[in-house]
2 protein chains.
Amino acid sequence: MEKMTRCPNHPGLVFRSQILEEHGISVTKAAKALGISRTTMSNFCHGHIPCSADLAQRIALATDSNVALWINLQANYDAWQAEHGEQPVVEKLVLNSAA
Amino acid sequence: MEKMTRCPNHPGLVFRSQILEEHGISVTKAAKALGISRTTMSNFCHGHIPCSADLAQRIALATDSNVALWINLQANYDAWQAEHGEQPVVEKLVLNSAA
DNA sequence: CAGAAATGATAAAAAGTGTAAAGCATTGCT
DNA sequence: AGCAATGCTTTACACTTTTTATCATTTCTG
């Protein structure tokens with residue numbers, strides 16, 4: 001159980017730096033290849049929208065990587081955001097033995 | 001890189017068996033405690049709807065567990081579904097060196 | 001330098017998703 | 001029988017996602 005001290009990179013930033021920049025691929029070209037709009041790709045690459053399961057799969061197929069990799073990047077990002085955002089008010093379901 | 005041979009349990013099924021049944025908590029009571037509708041809780045516990053980040057956090061807070069745990073359960077489930085569902089048509093972005 | 005292409009941003013529209021409320025039939029328990 | 005819980009369906013509403021079109025700016029290229 002490692003505690004994450006800083007917010008993990010958004011999957012889109014990882015995609016941009018590790019795939020696009022490494023291979024000199026433009027956002028426009030990537031959007032066409034993956035079959036999504038340029039707007040969506042641009043927003044994703046800038047971390048403005050999350051990596052949906054569908055997008056994760058398109059990236060995985062186009063880069064011979066694993067769907068789980070991209071889904072997990074997003075999951076880690078979401079988890080960090082949830083932990084550092086507003087906490088909803090709930091009642092305890094199970095009593096904390098270490099209370 | 002372990003390959004998952006069977007579909008991982010839906011987070012809702014895990015929640016039902018590991019939390020509700022273990023502690024004898026009803027769906028109705030759990031819904032009230034978490035601050036969500038009984039319909040949503042029921043659907044979740046039967047695997048009909050995904051575990052949203054918000055729901056994951058409510059569960060984590062109410063059970064003194066980790067948000068990441070529930071988000072990751074959903075992520076694993078999503079990844080398996082993506083791998084075993086319909087594959088979108090995409091063009092390769094990077095050439096597979098092992099082709 | 002001039003034209004063409006790419007980029008990031010924005011707004012508007014369409015489609016899809018998530019959530020909740022109400023109602024109903026069934027089950028199990030006292 | 002009476003009551004609460006359950007699973008399911010329908011309806012309604014809000015929110016999200018994705019796309020298209022447009023604009024100003026930057027970058028490439030010839």
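In what follows, chains carry the letters A, B, and so on, assigned in the order in which the sequence lines appear, proteins first and then strands, with residues in each chain numbered from 1.
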- Give the rounded distance in Å between these two atoms: CD1 of Ile36(A) and P of dT20(D). 11 Å
- Select base, sugar-phosphate, or nothing to describe what Thr39(B) touches, counting heavy atoms under 4.0 Å on all strands. base
- What is the distance from CE of Met41(B) to C1' of dC8(D), rounded to the nearest Å? 17 Å
- Query: Nearest-Å distance, NE2 (His48(A)) to P (dT18(D))?
  - Reply: 15 Å
- Task: Look at the aromatic rings of Phe15(B) and Trp70(B) and report parallel, tilted or perpendicular, splitting at 30° and 60°.
- Result: perpendicular
- Message: Heavy-atom nearest nucleotide on DNA chain C for Arg38(B) versus Leu55(B): which residue maps closer to 5'?
- Response: Leu55(B)
- How close or far is atom C1' of dG18(C) from atom CD of Gln74(B), stated in whole angstroms? 13 Å
- Task: Would you kindly give the NE2-to-P distance between His46(A) and dA6(C), to the nearest whole Å?
- Result: 15 Å
- Message: When you measure from the side-chain N and O atoms of Ser26(B) to the phosphate of dA5(D), is any distance below 4.0 Å, counting only OP1 and OP2?
- Response: no
- Query: Are any side-chain N or O atoms of Gln87(B) and backbone N or O atoms of Gly85(B), one a donor and one an acceptor, separated by less than 3.5 Å?
  - Reply: yes
- Message: Please confirm whether the shortest side-chain N or O distance from Ser42(B) to OP1 or OP2 of dG7(D) is below 4.0 Å.
- Response: yes
- Between CZ of Phe44(B) and P of dT6(D) the distance, given in whole Å, is 15 Å
- Message: Ring-plane angle category for His10(B) and Tyr77(B), please: parallel below 30°, perpendicular beyond 60°, tilted otherwise.
- Response: perpendicular
- Closest nucleotide of DNA chain D for Asp54(A) versus for Asn43(B): which of these residues is on the 5' side? Asn43(B)
- Message: Rounded to the nearest 0.5 Å, what separates atom CG in Asp54(B) from atom CG in Asp78(A)?
- Response: 12.0 Å
- Give Thr28(A) one of three labels, base, sugar-phosphate or nothing, depending on what nucleic acid heavy atoms sit under 4.0 Å from its own. sugar-phosphate
- Taken to the nearest whole Å, CD/Glu21(B) to C1'/dT6(D) is 13 Å
- From the candidates dA9(C), dT19(C), dG7(D), the one with an atom nearest any side-chain atom of Ser52(B) is dT19(C)
- Message: Can you tell me which nucleotide in dT19(D), dG7(D), dG18(C) comes closest to the side chain of Pro50(B)?
- Response: dG18(C)
- Query: Roughly, in whole Å, what's the span from CD1 in Ile49(A) to P in dT10(C)?
  - Reply: 14 Å
- Leu20(B) versus Lys29(B): any side-chain heavy-atom pair under 4.5 Å? no
